[in-house]
Structure formats: structure tokens, C-alpha cells
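Everything below concerns the one structure shown next.
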2 protein chains.
Amino acid sequence: MVRGALASLLNLEPDIEVVAQVSRGDEVVAAAAAAIPDVALLDIEMPGRTGLDAADELARALPACRILILTTFGRPGYLRRAMEGGAAGFLLKDAPASELASAIRRAIAGERVVDPGLAAAALSEGESPLTPREHEVLLASREHATVADLAQALFLSPGTVRNHLSSAMQKLDARNRAEAVRVAEEKGWL
Amino acid sequence: MVRGALASLLNLEPDIEVVAQVSRGDEVVAAAAAAIPDVALLDIEMPGRTGLDAADELARALPACRILILTTFGRPGYLRRAMEGGAAGFLLKDAPASELASAIRRAIAGERVVDPGLAAAALSEGESPLTPREHEVLLASREHATVADLAQALFLSPGTVRNHLSSAMQKLDARNRAEAVRVAEEKGWL
DNA sequence: GGGCGGGCGTGACGTTTGTCACCCCGGATT
DNA sequence: AATCCGGGGTGACAAACGTCACGCCCGCCC
């Protein structure tokens, strides 16, 4: 509904035409390859595939296509990943709707469009202190209740899992897994 | 942005006029009292106050005003609460945008508008098996890492907290707090 | 070549957690 | 009067958790 509504509004702009819409992250690249848009507007949380992942591949497949990320959650980690992935801009859904059209125009003009407050937050928070493995274990810990489960799912020894978790918890200043997950999610590191 | 976009679209409909918009749940009743709308369209997750809570009070303050809940998450528990609170309809944001206007018209006509699949899910899942206290403790456990913290925050003995948690975990078929919270959230019982 | 960090593992240790049995109380049901 | 349920509490116990020290390997970098 949201996508449809925004598309309708954008189509009312005389200089903007919506040439394609998809509902899933894993349909983005195919649709863009077919429609060859000037700008791709991507959400982050999507079924099938993250908007950030889709952006990475889209940037390789259609280098001429400018990418704008439009998301609900202003996690600094998201912003960083988006910019490193070659996005031209990063918008929050709680910005006024008028900003969307102007951001698209500015993206076409070659500017980078980033919410200033969010950019500051991204710089101040720094990037994730977690090693890839720690990140992976913490991620999996959301879906597996016990260390034994976790170890089996990751093909690791239970001891190693606990070591990774313990190390992650120290880095995140948390007193247990659950808190570590919360903190990591808040900072956009998960 | 989403609210603004939907409002713009609705204003394009000849028979619909958007008379007020607010961004916070705790501003709903005041705005409605000033604008006296025929229909109130409420999200659930809002800063300040839940849309469901706002709906309850709105139904008391302006009984003539029809209430439509428009939300991202189709949790059966949400639906139940909304209907018990006197809402005229319950829409999901992933429905097509065209359905929104028609739902508003049907609400004015006195119909109840509910996503059929969601209604079935609500009936099949049943309501929360948790006692009020268990619910409360589980809710608080999201923000307090240890039992000791939890006990202090709720003015309870640590043992009692663990008893409540244990009982909740059994009812939710979970092996620890974190899993219990996940399950309860999924079912819309939290 | 040596140092360093990441990944994987083990063993030991103390703490926390989850479970259970059992206690009391008050209100509602029968 | 007896029963049940929700709430609050205690004490004990085993299991799970989080921490630490230590070992090994590999790759990178000075």
C-alpha cells in the first residue's frame, strides 16, 4: 500500500514517471534490468532480500542507475552500508513527502542526499566492533534458544559459541545474549 | 511521509476530505474533537500512545466517529483488541491502496471491514493464555536483563519473578525468556 | 622471523536461570 | 464448607549460562 501510494504521488509530478514496482528484494535487479530506470528507490526491510543487498548488486548491474534508500529505521549502520554500497541517497520515511520528489531530482542531478542528523549519528556511533563470526553467532542466537542448538546450527563446538557470545557481549556492554541482541539491533550492527 | 502520502491520495477522491492529521498517538483524541471527522484512520505503532489505546478513548469521546485501524503487522491479538475496542475495521498496509478509500466508504455506510485471512488467523490462534501478571513480567523482561533487575523494577521478590516467567514459558512452549518473548510477540500477545 | 588478531576448541569455575514442591492469602465458584 | 485460580513468596536442585585461562592453527603485516 505504501509503495503504491508513493508511486501514485510521484506519477503526479510532471517530470517523474514510475516505470516499475516490485514487492520483494529479490525482484529488484530483474525489474530494473527490464525497465532501465534513472533512479531506483529501495526500502531496506523487504521479503526475500534486503534492500541493501539488492542495492549492491544493482550498482554492479546498472552502474548508471542512481540508488536511493528509503527506510523507516534510521540505523547508522544501515546508512554506512548504503553509502559504501554506492547509494546516492538515504531518506527516512518520517521526512515530509515533498522531500521525496526533490531527493529524486537531486539524485538525477548527481547530488548525494542524506539526512544531516542521521549522518552525524552515523559518524558518532562508529562501525560495528564485532568480528564477522561474532556477528554471525549473535544473528543466529535470535532464532535458536540454547547454546546447544546454536552450536549445531553453526557447526561449531558449544564452547566456541559461548566464547563468541561472551566476547560480543563484552564489546556491546551487555549482560546476556538478549541484551546484546537488543544493543546490536539499536546500533544497526545486526 | 506515509501518512502524508496517503492523505494526499485520499484528498484526490471527490467524496473524501482529510480534515486532520497527527503524528502521535496522544494527539489523536484532541484533534478528532476539534475536527469532528466521520472516520478516524489510526496506525497502531505510534510514539506517545498506541493506536489501540487511542481508539478506545476516541470511541468514548466521539461515539459517532467510525474508527479504522491501518497497520503494518497483522497480529491476531491486535485485531482482537481493535474489535473489542469498537473499531469499525482493520486494514493491513500491504493491501492495495485502492482498498483504503473503499474501506472508508464502507465504514461510513456502517459495514465492518476486516481482512478475511487475518480474521481467520485471529480465531484460530485464540487469545493469550497468560495471566495479567505473567504478561506484565514478560513485557518488562524485554527491558531488564537479569531477574534481579526485573524484580526491583516490579517490586517483587526474585523468586516470584522466576515463577511467573517459568509459568509463561510453559504456556508459550518456550525454553527461555527470550524465546517466550519472541513467541508472544509473534502471536500478538505481548 | 616474530608479532598480532581472528577463528576454533577445551576445561574449569561461579553465577544465573528454570523447575518444582510447598507455603500463605483473597476472591470467585460450586 | 470445599474447591479452584491468581498472586506472592521460599528453598532446593539441576541445567544452562557467562567468564576466564589456555591451547592450537592460519594469515597478515612490520
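Every chain is numbered from 1 and lettered A, B, ... according to where its sequence line falls, protein lines coming before strand lines.
Put simply, CG on Leu154(A) is 11 Å from P on dG9(C), counting in whole angstrom units. Rounded to whole Å, atom P of dG18(C) lies 14 Å from atom CD of Glu134(B). Met169(B) places its CE atom 13 Å from the C1' atom of dT16(C), with the value rounded to the nearest Å. The distance from atom CD of Gln152(A) to atom P of dG9(C) is 13 Å, rounded to the nearest whole Å. Here the C1' atom of nucleotide dT17(C) and the NE2 atom of His164(B) are 16 Å apart, to the nearest Å. When the P atom of dT16(C) is taken as reference, atom NE2 of His144(B) falls 17 Å away, rounded to whole Å. Straight-line distance from the CG atom of Leu156(A) to the P atom of dG7(C): 11 Å, rounded to whole Å. The distance from atom CG of Leu138(B) to atom P of dT17(C) is 14 Å, rounded to the nearest whole Å.
Of the two residues contacting DNA chain D, namely Gln170(A) and Pro158(B), the nearest-nucleotide position lying further toward the 5' end is that of Pro158(B).
Bracketed by its first and final contacts, the part of DNA chain D lying under 4.0 Å from non-hydrogen atoms of chain B reaches from dG6(D) to dA12(D) in 5' to 3' order.
Across Arg106(B) and Arg112(B), no two heavy atoms sit closer than the pair NH2-O, 4.5 Å. Ala87(A) and Ile69(A) make their closest contact through CB-CG1, 4.1 Å (heavy atoms, listed as atom of the first residue, atom of the second, distance).
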Each nucleotide in nucleotides 21-29 of chain C should get exactly one letter: B, S or -. Can you fill that in based on protein heavy atoms under 4.0 Å? ---------
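The residue Arg162(B) sits close to a base: some heavy atom pair falls under 4.0 Å. Residue Leu165(A) is out of contact with every strand shown, counting any heavy-atom pair closer than 4.0 Å. Base contact: Thr160(B) has a heavy atom under 4.0 Å from a base atom. Among the heavy atoms of the strands lying under 4.0 Å from Ala145(A) are primed sugar atoms or P, OP1, OP2 only; no base atom is included.
For Asp15(B), the CG atom sits in a packed shell: over 12 heavy atoms of surrounding residues, nucleotides or ligands are nearer than 6.0 Å.
Under 4.0 Å is where a charged nitrogen must lie from a carboxylate oxygen, and between Arg49(A) and Glu27(A) no such pair does. Using a cut-off of 4.0 Å between Lys/Arg side-chain N and Asp/Glu carboxylate O, Glu185(B) and Arg142(B) are scored as salt-bridged. The pair Glu13(A)-Arg105(A) meets the salt-bridge criterion, since a charged nitrogen lies less than 4.0 angstrom from a carboxylate oxygen.
Inter-residue side-chain proximity for Leu139(B) and Glu136(B) is flagged as unmet; no heavy-atom pair is nearer than 4.5 Å. Between Met1(B) and Leu6(A) there is a side-chain heavy-atom pair separated by less than 4.5 Å. Side-chain contact between Val28(A) and Leu42(A): present, with at least one pair of heavy atoms (C-beta onward) separated by less than 4.5 Å.
For dT16(C), the OP1/OP2 oxygens have no side-chain nitrogen or oxygen of Thr146(B) closer than 4.0 Å.
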Return a table of donor-acceptor pairs under 3.5 angstrom between the side chains of residues 17-25 of chain A and protein atoms on other chains or two or more places apart.
unit_1: Gln21(A); atom_1: OE1; unit_2: Arg3(A); atom_2: NH1; d: 3.0
unit_1: Arg24(A); atom_1: NE; unit_2: Asp26(A); atom_2: OD1; d: 3.1
unit_1: Arg24(A); atom_1: NH2; unit_2: Asp26(A); atom_2: OD2; d: 3.0

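You'll find that the side chain of Pro132(A) is closest to dG6(C), out of dG6(C), dG18(C), dG9(C).
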